[in-house]
A.B. asks: 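Okay, handing you the structure first.
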Amino acid sequence: MSSTGFRRTLLALIACSSLALTACGAGDEDDSASGKTRITVNCMPPKSAKVDRRFFEEDIASFEKQNPDIDVVPHDAFPCQDPKTFDAKLAGGQMEDVFYTYFTDARHVVDINQAADLTPYVKELKSYETIQQQLRDIYTVDGKIYGIPRTGYSMGLIYNRALFEKAGLDPDQPPATWDEVREAARKIAVLGDGTVGYADYSAQNQGGWHFTAELYSQGGDVVSADGKKATVDTPEGRAVLQTLHDMRWTDESMGSKQLLVINDVQQMMGSGKLGMYLAAPDNVPILVKEKGADYEDIAIAPMPGGEATLVGGDGYMFNKKATPEQIRAGLKWLDHMFLTPGDGFLGDYARAKKNDAPVGLPEPRLFTGAADEKDQQVKQANANVPVENYQAFLAGNQDLEMKIEPPNAQQIYSVLDGVVSAVLTKEDADIDQLLEDASGKIDGILARG
């Protein structure tokens, strides 16, 4: 699972752009008539995301001007990857030459033999050695490189400072344990007028995703270290569900409406009616730009529990049918678009600030060394959000283990969705039985590979 925004949403279908002159397939031969190498790429922002769309188009135009022998054909999508169609596009030979993936996709795409081996070419990617090693490792399988990381995220506790103050809580001392989350949620909920203390997802695989994050925060895990057995039927798993059950039914701090998904919860937070929920920092601009919140009111704390936090992110892989020329062209494009500190689609903070896009959110660092120093320097110089609201998150993350999502994540999340939704909709839900049943189903998923 990934976070949110046009690059990381889970709700809509991938579609070809009207800009594409060919089908959404990959492995297009070089355009011999023009003498150019043509590459198809995806994850172009949709037309509805006007500013991001314009940035993307500007950056492709500047890339093609600098590289007149390369023709980039972008395909827009919302989201960049839909789990329901991803495998079908791969199997049907419809994937772009350079295609977006979640971190959790890397091994799967390699296992089904749909990824090009980039190892012989990656030395041509100028930025590769500057990228954090643990992120590079995600796309390295059996010693071979199959993808290039682009962004990362880590989960934390987003909370409303105004509601904290109204409830008599100190917004500069956010909850650090789940007991403290529960107590803060109770105090916020008693404000009345439809105010909810804490909200959680429980549908469309998002409940399973959050259960995983909450389990990590308690020191637990979803699958064993060897990836062969479920490890949800544990004291840590029961603690996660018992806390949700007690907040929902005993404290009545989670509201009566359940089976929520990310948009529901964002709407609640944006309207000032929600105290806390789990999310990544990229939720903040959505809450402000789309849901009506104020930057000054929205803060982020580290994951409660003090043990670990779920991390994820995305990158690009290359179609196995891509030619060597297309791979080289695609790597040049990645350097230009995403991997040049202080420049490009994700790194041109001055351009973002000028266009009122948020700069200064506490995103995990992609680069190391001199590249990281330059990236941070440019970001700080152009910050236009209240960075002090995120200091607790940044400081607290230093003490947490960073854990990626489990293998077969989407299938496992589907199972765990049922567990979370049962606890939040049935007061008499049998937690032990739910975890036992889920464990057996997850074991079956892992056995099938």
Side-chain angles (χ1 to χ4, degrees), residues 1-12 45-46 48-52 78-79 153-167 169 171 174-175 181 184-185 187-204 206-207 209-210 213 247-248 253-301 303-304 352 355-363 383-390 392-393 424:
M1 211 75 163
S2 197
S3 191
T4 190
F6 88 83
R7 305 173 186 85
R8 302 191 282 268
T9 302
L10 305 168
L11 306 176
S48 58
K50 294 181 180 179
V51 174
D52 284 327
F78 187 80
Y153 75 89
S154 62
M155 300 284 280
L157 183 73
I158 291 187
Y159 66 99
N160 186 309
R161 290 178 59 90
L163 283 182
F164 265 57
E165 290 181 351
K166 192 174 180 180
L169 299 163
V181 170
K187 290 182 177 180
I188 293 168
V190 299
L191 293 172
D193 193 28
T195 304
V196 172
Y198 179 81
D200 214 341
Y201 315 152
S202 52
Q204 297 182 8
Q206 296 172 27
W209 175 38
H210 268 203
M247 285 198 290
R248 168 70 174 95
S253 64
M254 295 185 69
S256 58
K257 183 181 179 182
Q258 297 301 323
L259 302 180
L260 304 173
V261 294
I262 188 168
N263 185 62
D264 302 317
V265 175
Q266 289 173 339
Q267 292 281 9
M268 294 164 65
M269 180 64 79
S271 66
K273 295 297 184 181
L274 174 61
M276 299 170 286
Y277 76 106
L278 296 182
D282 67 351
N283 272 230
V284 175
I286 292 173
L287 295 174
V288 175
K289 300 284 188 181
E290 301 178 22
K291 312 301 181 184
D294 190 299
Y295 276 120
E296 296 297 331
D297 289 338
I298 304 300
I300 313 177
M303 195 74 175
N355 287 270
D356 199 30
V359 178
L361 296 174
E363 297 161 328
N384 59 1
V385 295
V387 294
E388 62 275 9
N389 285 6
Y390 320 132
F393 175 79
L424 294 179

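This chain uses plain numbering: 1 for the first residue, then up along the sequence.
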A.B. asks: Checking the side chain of Tyr198 only, and the main-chain atoms of Leu278 only, is there a donor and an acceptor separated by less than 3.5 Å?
C.D. replies: no

A.B. asks: Rounded to the nearest 0.5 Å, what separates atom CE in Met254 from atom CG in Leu424?
C.D. replies: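 Here the interatomic distance stands at 5.0 Å.
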
A.B. asks: Using atom types as modelled and distance alone, determine if a side-chain donor or acceptor of Lys273 lies under 3.5 Å from a backbone N or O of Asp193.
C.D. replies: yes

A.B. asks: Can you find a heavy atom in the side chain of Pro175 that is under 4.5 Å from one in the side chain of Pro304?
C.D. replies: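 No, every pair of side-chain atoms sits at 4.5 Å or beyond.
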
A.B. asks: Determine the minimum heavy-atom distance between Met247 and Ala185, stating which atoms define it.
C.D. replies: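 Minimum heavy-atom separation between Met247 and Ala185: SD-CB, 4.2 Å.
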
A.B. asks: What heavy-atom pair brings Gly156 and Phe393 nearest, and what distance separates the two atoms?
C.D. replies: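 Scanning both residues, the minimum pair turns out to be CA-CE1, 3.9 Å.
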
A.B. asks: Of all the heavy-atom pairs spanning Pro358 and Tyr295, show the shortest one and how long it is.
C.D. replies: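 For Pro358 versus Tyr295, the nearest heavy atoms are CB-OH, 3.3 Å.
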
A.B. asks: Take a 6.0 Å sphere around NZ of Lys289 and say whether it holds more than 12 heavy atoms from other residues, nucleotides or ligands.
C.D. replies: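 Counting neighbours around NZ of Lys289, more than 12 heavy atoms of other residues, nucleotides or ligands fall under 6.0 Å, so yes.
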
A.B. asks: Verify, without hydrogens or angle tests, whether Asp294 (side chain) and Glu296 (backbone) share a donor-acceptor contact under 3.5 angstrom.
C.D. replies: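 Flag set: sc Asp294 to bb Glu296 pair under 3.5 Å.
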
A.B. asks: How far apart are the closest heavy atoms of Lys291 and Gln267, and which atoms are they?
C.D. replies: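 What the structure gives for the nearest pair is NZ-NE2, 3.5 Å.
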
A.B. asks: List the steps, then state whether side chain to side chain contact (heavy atoms under 4.5 Å, CB included) holds for Val284 with Val385.
C.D. replies: CA-CA 10 Å; Val284 175; Val385 295; over 6 Å; no

A.B. asks: On a heavy-atom basis, which atom in Ala184 and which in Phe164 lie closest, and how many Å separate them?
C.D. replies: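 What the structure gives for the nearest pair is CB-CZ, 4.5 Å.
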
A.B. asks: What's the separation between atom CE in Met155 and atom CD1 in Ile300, rounded to the nearest 0.5 Å?
C.D. replies: 11.0 Å

A.B. asks: Mind checking whether Tyr277 and Tyr201 have parallel, tilted or perpendicular rings, split at 30° and 60°?
C.D. replies: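 If you compare the ring of Tyr277 with that of Tyr201, the planes turn out tilted.
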
A.B. asks: In sequence, state the C-alpha distance, the side-chain angles, and the governing distance for Asn283 and Ile262, and then conclude on side chain to side chain contact (heavy atoms under 4.5 Å, CB included).
C.D. replies: CA-CA 10 Å; Asn283 272 230; Ile262 188 168; 4.2 Å; yes

A.B. asks: Against Thr195, only a single residue in Val190, Asn160, Ile188 fulfils side-chain contact (heavy atoms from CB on, under 4.5 Å); can you say which?
C.D. replies: Ile188

A.B. asks: Going from CG on Leu163 to CG on Leu274, what distance comes out if it is rounded to the nearest 0.5 angstrom?
C.D. replies: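 Rounded to the nearest 0.5 Å, the CG-CG separation comes to 8.0 Å.
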
A.B. asks: Rounded at 0.5 Å granularity, tell me how far CH2 in Trp209 sits from CD in Gln204.
C.D. replies: 12.0 Å

A.B. asks: Identify the heavy atoms of Pro285 and Leu361 that sit nearest to each other, and give their distance.
C.D. replies: CD-CD1, 3.5 Å

A.B. asks: How long is the span from the CG atom in Asp356 to the CG atom in Asn384, to the nearest 0.5 Å?
C.D. replies: 7.0 Å

A.B. asks: When you check the gap from the basic side-chain N to the acidic O, do Arg248 and Asp200 get nearer than 4.0 Å?
C.D. replies: no

A.B. asks: State the NE2-CG distance between His210 and Leu260, to the nearest 0.5 angstrom.
C.D. replies: 11.0 Å

A.B. asks: I would like to know whether Ile158 and Ile298 meet side chain to side chain contact (heavy atoms under 4.5 Å, CB included); could you show each step before the answer?
C.D. replies: CA-CA 7 Å; Ile158 291 187; Ile298 304 300; 3.9 Å; yes

